[in-house]
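Each ligand, and each atom within it, is numbered from 1 in the order the structure gives.
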Amino acid sequence: MTNAEAVARSLAAVWHPCTQMKAHERFPLVPIRSAEGAWLHDFEGRRYLDGVSSWWVNLLGHGHPEVAAAIQDQLGRLSHVMLAGFTHEPVIELSERLARLAPGKLGHAFFASDGASATEIALKMAFHYWANRGLRGKNRFVALEGGYHGETVGALAVTDVAIFRDAYAPLLRENLQVPFPTAPGAIDALEALLSSRHAEIAALIVEPLVQGASGMRMYPPEYLARARELCTKYHVLLIADEIMAGFGRTGTLFAFEQAGPGVAPDLMCLSKGITGGFLPLSCVLCTDEVYAAFYDDDVSRGFLHSHSYTGNALACRAACAVLQVLERDSVIAANREKAALFSKAAAVLATQRSVHDFRHLGMIWAFEVHTKAPDFARRAFERALALGVLLRPIGNTVYFMPPYCVDGAQFNLLVDAGLAIATELGEVP
Ligand SMILES: *Cc1c(COP(=O)(O)O)cnc(C)c1O
């Protein structure tokens with residue numbers, strides 16, 4: 001295939017996600033033939049630095065040899081078996097590892113294949129937990145202003161990103177919203193809501209430390225500790241959506257760890273980086289207490305939820321390999337040293353007159369560009385692409401979220417692309 005052939009055939013047959021397809025008459029679809037480390041290669045020898053880890057999933061770099069080898073080994077044994085009534089080594093090993101590594105006592109793992117399904121599972125589980133305890137009135141969810149938890153109908157109902165939500169608003173159940181953690185009085189507002197309406201609230205769902213899809217909005221861990229106290233006080237479950245934040249992205253294996261020792265959610269959603277970006281997999285971890293509320297002679301008190309590929313053996317094996325590499329190579333500690341150097345290199349962005357709110361957390365860097373151009377994100381994407389860099393700004397937010405294998409020279413390419421965007425497309429206010 002040539003680049004042109006791949007583009008033409010794709011546009012004729014493939015409906016691409018999160019895309020107004022007609023816009024591809026004007027902006028390019030990028031054909032990729034292969035990938036290695038932080039690089040994506042097209043069909044004609046051009047390469048692009050993957051500055052967004054391919055939608056935040058690619059953790060260790062493309063084609064990581066150990067993850068690939070683990071999948072290959074697993075292919076020779078067992079690709080998949082239904083998980084209802086059956087079990088296998090990779091799902092056992094992964095569940096045990098996650099239970100050991102997660103904050104608190106999240107000792108039971110329920111699997112699905114994508115992030116939105118993990119959100120659905122967490123919401124249904126939270127509701128059913130209270131129903132099993134005789135509190136069927138607790139059937140609403142509280143979410144943060146600007147939160148994103150996926151785009152299926154249930155997950156979208158706790159998502160606050162207009163571009164995803166507005167078109168489907170009539171389908172969505174009404175939930176409750178509290179202010180973003182850094183807004184004045186945010187904790188008081190949460191307490192006021194929980195204290196007055198806890199009888200109808202099953203759970204609070206948050207993206208710990210950073211809201212991804214609404215523009216890499218970061219907030220301090222103290223909020224999580226306070227939210228935990230309030231949830232406990234008012235009998236509301238706390239769901240940590242670590243689908244983006246998990247597996248080291250925020251500088252600790254799980255973002256919630258930064259809330260302090262002993263502070264933990266009741267349910268935790270994981271996906272994206274879990275398989276290193278190799279295979280679709282998601283997981284909800286829950287406490288013994290949640291699990292126990294379903295454990296009964298009565299079938300209908302069980303969690304009767306399933307997906308065909310629940311606990312897929314190849315995906316679980318890939319996830320085990322990822323955890324092994326993270327641990328053995330002390331990847332997260334190494335990232336901290338890398339990130340300190342990278343932040344120095346990126347500091348020049350903060351000094352640009354068209355840039356404001358430069359921020360950094362773990363392996364995420366983000367800044368806002370002053371501009372009134374409504375098509376800034378697309379133009380910035382194209383500008384970076386011309387420099388051989390894949391960036392995908394959200395509104396006026398430009399961010400770098402590279403795979404952890406990124407080196408100093410590669411990071412400098414991200415900074416150069418950021419500078420080109422800021423100086424050529426930004427406006428000085
Ligand atoms: C991506 C994401 C989801 C949804 O995951 P999908 O696999 O895209 O369905 C949910 N929550 C957060 C925080 C995410 O970043």
[atom1]/[X]: more than 12 non-hydrogen atoms of other groups inside 6.0 Å:
X	atom1	result
L75	CG	yes
E200	CD	yes
F303	CZ	yes
E229	CD	yes
Y168	OH	no

Note to self: When you compare ligand 1 with A116, is there at least one nitrogen or oxygen pair between them that comes in under 3.5 angstrom?
What the structure shows: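 Yes, at least one N or O pair falls under 3.5 Å.
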Check: Are any of the N/O atoms in G115 less than 3.5 Å from those in ligand 1?
Finding: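 Among all N and O atoms of G115, at least one is under 3.5 Å from an N or O of ligand 1.
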Check: Okay, side chain of D50, backbone of A38: is any donor-acceptor separation there less than 3.5 Å?
Finding: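 No: the side chain of D50 does not pair with the backbone of A38.
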Next item on the list: Using a 4.0 Å heavy-atom threshold (strictly under), name the region of W56 that reaches ligand 1: side chain, backbone, both or neither.
Entry: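 The answer is the side chain.
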Notebook entry, point to check: ligand 1 versus D114, non-hydrogen atoms closer than 4.0 Å: side chain, backbone, both, neither?
Noted result: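 Both the backbone and the side chain of D114 come within reach of ligand 1.
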Next item on the list: May I ask you to list the atoms of ligand 1 that are less than 4.0 angstrom from any heavy atom of G150?
Entry: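 Counting atoms of ligand 1 from 1, those under 4.0 Å from G150 are 4 (C), 10 (C).
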Item checked: Sub-4.0 Å atoms of ligand 1 with respect to non-hydrogen atoms of E207 ->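 Once the distances to E207 are compared, the set is 13 (C).
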Checklist line | Under-4.0 Å heavy-atom contact between protein and atom 8 (O) of ligand 1 | finding: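 There is no protein heavy atom less than 4.0 Å from atom 8 (O) of ligand 1.
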Next item on the list: Closest by any non-hydrogen atom to atom 2 (C) of ligand 1: pick that one out of M244, K272, H149.
Entry: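 Going through M244, K272, H149 one by one, K272 has the nearest heavy atom to atom 2 (C) of ligand 1.
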Check: Knowing that exactly one of M244, R217, H149 qualifies, which makes a side chain to side chain contact (heavy atoms under 4.5 Å, CB included) with E207?
Finding: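 Considering M244, R217, H149, a side chain to side chain contact (heavy atoms under 4.5 Å, CB included) with E207 is found only for H149.
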Next item on the list: May I ask you to identify the nearest protein heavy atom to atom 12 (C) of ligand 1, giving residue, atom name and distance to one decimal place in Å?
Entry: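 Here the nearest protein heavy atom works out to D241 OD2, 3.4 Å.
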